[in-house]
Each structure stands twice: as C-alpha cells, then as structure tokens.
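Notes to accompany the following structure.
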Amino acid sequence: MRKERPDVAEHVLGPGAASSAFGIVGQVAGPVDTASPLVVEVRAGGQSVRLPIDDVRHDAVPEETFAGLAVAGTPTPAALAAVVGVARASAVPPAPDVSLGYRHARMTGNSAVSVVVPVYREYTYLRNLVRALADANDGVELTVVCDDPQLAGDLVAWVRAWNEPVYDVPMQVLVHDRNAGFAAACNTGWRSGRGELVVLLNSDVLVADPSTDLVRLAAGMAADVAAIAPVLLFPDGSLQHAGMAMVDAPDFPGFVLPGHPGKHGPADDLPAEIFDVPMLTGAAICVRRTVLERVGGVPAVYGRGDFEDVLLSLSLRDIGRLVVDPGVRWTHVEGASYRRDELGGIAVTLAKSVVVAERTGGRR
Amino acid sequence: MKVLLVSHEWEAEHPGGAQRSAVALADGLSAVDGVDVTLASAVGRLPEHAPDGVLGSERGYAEVLVESRTDSAFFTWTDPTQADGWARLLRDLRPDVVHLHHYFHVGIDLPLLVRRVLPVAGIVLTLHEYMAICLRSGQMVDEAGNLCLASGTSRCSACVSWSIDTVAARADYVRRGLADVDVFVTPSEFARRRYLDWGTGAPGIDDVRVIPNALVFEGRSDPAPRPAVAGLRLAFIGQHTPHKGVGVLLSAVELLQRTAPGTLDRVDVFGDGSDRFSPEFHADISTALRRSAPLVRTRGRYTQAALPAILDDADAIVVPSTWWENSPVVIEEALARRVPVICSDIGGTAEKVRDGVDGWHFQAGNAASLAEVIANVAALPDRTLPRMRRPATIDDVARAHLAAYGDAVARRAAAGQGPTA
C-alpha cells in the first residue's frame, strides 16, 4: 500500500520507553511490502522488522498508531548501521513521472540563469520569491518542482491565478506524481532547462535583491570555483549558514555530523571577501550546469537532513572550490517547513550519518 | 504632463483625511496649465450608477473608480483579477506619472504593475501613515497602549504573536513593493524619518519628501470673530476610534466639570461615531457622551462644506490622539481657518502644532494634562496666536508635487527605463 506522502519517521518511542532509547519509528499500515526498493530495517529486543519506506510517515499522527520499534540503549554507529539496514544500499526511490503544471509564455528554458525550487508540504513563501524574481534581470527563469502530489493542485492554481496578471515571471511548474525527495526534485528542475548557471533554492529563502545578487554570484563563479552560495540569515538577522563542515558530534562519540560554523552568531564577523568553505547547503547554492552534469546531479539520501548537501558538496569539491560570497545575504524563513522532532531528529540524523560516512569513505 | 492620481478609497464613500487630500491635490493640479489629471479611487465594488467605473467630471477633471481591495498585512489584492482593472486604466490613460495615495487597498503590487505596463512612467507614493511599518494597524502602539518607535522581526513578532518567519516575509514583500516607487511624499518630518529608518537597507526607499497635504478649503486671513461667551467652546473632529483619543477628551471634560465648572461653554463632538471600528469602544464612548451631555454635544458626521462654519464656531479644536499620527488634515484645516489646536505632544501632531504658537500641547493620553491645558487656555485673557502658521496653499502644494513628479520621471530616465530627453 503506497502512501502519497511518504517520509522518514522521526519519532522516539512514547511513554514507557527507556530515556536512552533512540530509533526510527514507523506507522505501519497493512502488510509490509518487502518488495519495496526502499526498506528500513529496525531491530529491537532481538526482533527485526522491515518497513517499506513508503509506509513510514512523518506526519503528526497519534503516538499510539506507531508500531513502537526502536533501538534501546546508547546508539553507536554499528548499532545504527544495523537499524538503517538495507536502506543504505537502496537509498534512491524510484524516479517519479513528471508533468507540466504551468508554463509562462516567456519561459524558454534557455535563460542564462535557472532558478530551481523544490516544493514539498507547503509553499507559503513562494509568493515572496516570485515577487522578487519579478525584479530580476532578463535571462532569469524559475522552475518550481512540486514534489508533493497533495499540494500540486493548489500550487498550480495559485501560480496560474497570480503570475501573469501580477508578477509576469518567466516560470514553470513541474509536478512529480509521487514524493521523490529533495534531490530528485532538484534534478528534475535543473535538467528541464539549459541555462548555464543553476541556482538551487528553497522556496522559503527571501532573496534580497535578485537583480544585483544573481549577477554578483555569477561574477564570483571563477574558473576554479565549482559552486558559490550567499550567506543565509535567520529572520532575526543572525547567521544561519555561511558554509558547512563535518564535525565530531559532541554528544555521540563516533558520529560525524554536518555543522554550521557560527550559527546564530553575528553575521558581521564574516570575512569581507569571498571565502572558501568545505561544504555548502542546498538551501541556496549556485552551480554551473556543466558541473552538475559532471557530478550527476544532486545525490539522494532519502529523508531530510543536510546529508544530500554533504554528498553534493563532496562531489563538487572534486571539481573545484566551494565558496561563499558574504556580500550576498538572503534570509531563510525555514521555521514553517522545518518541524523537527528534537529527539527523533537526532536518531534519524545519526542513522543517516552512518549512511553518508559509508558513501563518502569518511571524507570531511 | 498627464497625471494619474490614485486614492485608496473613494472620498464620497469614506471622506477620511487621506482621501480628502487626494481630491484636493487633484483640484490643485487641474488648475495648473499643462497638467492633465485623472483621479482614480479604489472601491470594493463599483456602484450601480457607474458600472464601468467612469464618473462625471464635475470637478473639471476625469474621475474613475477601480475595484481594488487588499488585505491589511501584505497589502496584496484580495483577488489577482483586480490587477486587470488597473492595467486597463494604465493602458487607456498612459500617464506620465502615477501618484498613489497609500498602498492599502491600492495594492502593494501596483507599482510593479505600473512598471510592467508603463516602464517610462514615474511613480510617486504618498505615505499617509505607518501600516507598512507596524502590524498593529500601523498605529505603532503596543497591546498595552504604549507608544513604540522600534520595529524589527523579533520585537514585532512578539508584539502581534505572529511567527518571526511571517513577520520577516511580510516586511520583505512590502519593502520590495515600495522599492518600485521613484519618489515618496509624506506630510510630516516625523513620518519621513520613520520610513527612512524602517527602510534602511531596502533599495529604493531613500527619496522621501515632506509636502503638506492639500486642502480644498477656504482659509481666512484673520482669526474668526468670537462671540463673547463665558467658557471655552471646543470641538473634536474625527473618527471615534480608540487611538483618536475621543475618550481622553471626554475624561478631561468630566474632570473639569468636577474641578473647574464653567471652564467650558460646550464641546462639540463631530465625526463617525458608528461601531464599525470596535463595538466595545463604541459602547463606552456612547455612555461617556450621554454622561457629559448637554455640555458635550454629539454632532455626528459633517460635510466638507460645513467645516468652515464648524471651525468658526469653536475657540479651539482638540486633537487628542494617543498614537503618533502623521499630519491630521483637520489640523491644517483649523489653522487655515485661524483656529488654534490643543493636541497631544507626540509625533505628527506635535510637529504640526507648535506649543504656544499654533496651539497648545498636553501629555498624550493623559486626561488630567488635557484638562489642565484646557483650563489654562480658558483663563487666558487673550487667546490670539499672532504667529500661527498658515498652511500651504493648494497652489503651493500642487507645485511641490509637480516638482516631485518631474524628479520621478527623471529618475526613471536615469534608470534606463524612461525617456532620455
């Protein structure tokens, strides 16, 4: 039985579980279809159950509907490797069918800059982005990829109603017939165009001044640069992201996690000029189309977290430098779309860190 | 020069200060040779007698109505098809300058639409108050009634209990809409400074000019003759909303009745006393009005034509606003009629009424302070204020606006989106 909006569950056990319990908990609906290409294997108390990833939901469902599967005790990389089970080997869900939901008459696909925005679960702040791009120079086109079948109808209707009368932005909306994840949505988007520069952007990033910022980022793309990113700020003006780096998890020995140096600190402490970083976030990143083609696009690690960004960054680093332009500062209002259950989030994050470590050979 | 003036509401339906000043400016501009004015007013629904929105031209210039309504947070149209009405008007008229009075109901996206339809047209926007800056209906007053000059995502989020994300997204959207404007106009230095402070960092919000509101009003050269009466005759002229301070005035009157009877001859309260703003407040004020009768007379709505006589019949008007205000039109109207103003000592009112020169200040929101000032004024042997400011004439205001229009067109040209010669 396939759900329309699958996602990785991020909950710990309810009352009664040991305080040190961590795990991936799934909502099991009907018989488990072990033929699914993406399965999470969960072991607890000597039992082992396999869950098709399509039946593992993240939505806010009552606690008692969860199957209550977990790993007890202090997590270790080895234990979580077992928890993740076959998921690490089959992390890419089937490719979705893509249909065209909307296309503006001036959307050519041949623009110099392709802004690609994956949409999942909500598009509250897409209006800000479309309005911002109404001020952009010619040669900037927007591709919105709806990776949420439940959202597609409303999203397409909104764009149809507003874009031509008011904003007039060269844009298109592509619709996935199933939720295929962030990486797949990005790849659908950038592969639909031919612009030399691709800007992968979350829909809840408030672009400050597209007419100058995009020109500036393009100008910062020196020959030896593989990707460039703006500084991302929290709405209160503090620093959210100016490059990522893999760091040892202070509370979980043996695990390596993506970290955001300076997060929540003052943004004024950044270097004045473009600076190199080990990794970049996929929330806002500019990459040459040729580079994306060479690395095969955004690699998928199913579920949320920064790991797709890590894998993409590592791929890009094989080709050139990763840099941040501190002169371009955008605001990321991710609160509405980022509803992490704190402990469950840690469990999934740790599990995926194992996956990524295996796939990257431990590179940082 | 062809000018399209846009009023956020139809003055015939809602005769507020901003609407009246838009009409007055249209009158003034139409009297200038070489200026072709059309006044367009935003309405919720076109009236039956003007289904196409075209009104008669009794004032000597064209008047049209356009269906246009916005929400009060992002100021986006409630229906995107409303953009079509504006686009048709722009294509038909092809003005050199589009002058918007307000963004509320007019639409924060209208400047963008003007850019799209008429890339060469200059855009001027008159900032009548602070809705863009403050989520509490632009009052810049917190829930407890405290005056506020700060604005920022964290503070505003806490004040109105919105998420910080929504507050940030709103500010982003509104600032971006305003950035398409070439020249801003506002009638007070206080409002100019607030917008410049708020817009810091946003491209385009830099040229904000202070130009007084235009008045369609017959002024006087001398103070109105005052019949000899024992007490002071006061008038309140404005909407009966909490922030207009009518409650402060009524409290002050009750205090004077107890402590200094005979100070007042009468207090006439004019304006919209309906309960469309706040039923609870309306009930409180109605009770207070009844309690203070017959000293306080509830006079209801008034016509613009009746205003000179209303002002001539008062020794002073009271503007007891508990918020900052910008430039209340009634102050200009009173001064034009040579009637002094007793007003709150904050923001736009304090700026427009110099204490002891154009009238007298009292501590905003403080009924005892107002009562004391009223008693002091009543005791003055001579209430003449010889150095009282004379409001700008309609001709002065029209010419100041024409200068702004010229600069807006030049700014377009400099941006490469307008005529270069």
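Keep in mind it's a predicted model, so treat the numbers as computed, not measured. Numbered from 1 within each chain, the chains take letters A, B, ... in sequence-line order.
Between atom CG of residue B:Asp79 and atom CH2 of residue A:Trp162 there is a gap of 7.5 Å, rounded to the nearest 0.5 Å. Put simply, OH on A:Tyr125 and CG on B:Asp172 are 11.0 Å apart, with the number rounded to the nearest 0.5 Å. To the nearest 0.5 Å, atoms CG (A:Leu206) and CZ (B:Arg176) are separated by 8.0 Å.
Contacts of residues 131-140 of chain A with chain B at a heavy-atom distance below 4.5 Å involve A:Arg131, A:Ala132, A:Ala134, A:Asp135, listed in sequence order.
Without hydrogens or angle criteria, B:Thr153 side chain to A:Pro235 main chain gives a donor-acceptor distance under 3.5 Å. Looking at A:Asn128, its side chain does come within 3.5 Å of a backbone N or O of B:Ala169 through a donor-acceptor pair.
Heavy-atom minimum distance, A:Pro165 versus B:Pro80: CB-O, 3.8 Å. Among all heavy-atom pairs drawn from B:Arg116 and A:Glu164, the shortest one is NH2-O, 3.1 Å.
For B:Glu67, the CD atom sits in a packed shell: over 12 heavy atoms of surrounding residues, nucleotides or ligands are nearer than 6.0 Å. In the displayed structure, B:Arg155 atom CZ is contacted under 6.0 Å by at most 12 heavy atoms of other residues, nucleotides or ligands. By the 6.0 Å contact criterion, CZ on B:Arg88 is open, its count of non-hydrogen atoms from other residues, nucleotides or ligands being 12 or less.
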For this session: Carefully, step by step, assess A:Arg127 and B:Phe74 under the rule side-chain contact (heavy atoms from CB on, under 4.5 Å).
Result: CA-CA 11 Å; A:Arg127 174 168 62 179; B:Phe74 282 71; 3.5 Å; yes
For this session: Applying side-chain contact (heavy atoms from CB on, under 4.5 Å), run through A:Asp236 and B:Ile164 and close with a yes or a no.
Result: CA-CA 8 Å; A:Asp236 65 2; B:Ile164 192 170; 4.0 Å; yes
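Chain B forms the most heavy-atom pairs under 4.5 Å with one residue out of A:Val207, A:Thr212, A:Thr331, and that residue is A:Val207.
Heavy-atom distances place no part of B:Ser157 under 4.5 Å from chain A, backbone and side chain included.
With a 4.5 Å cut-off on side-chain heavy atoms, A:Val166 and B:Trp77 count as touching.
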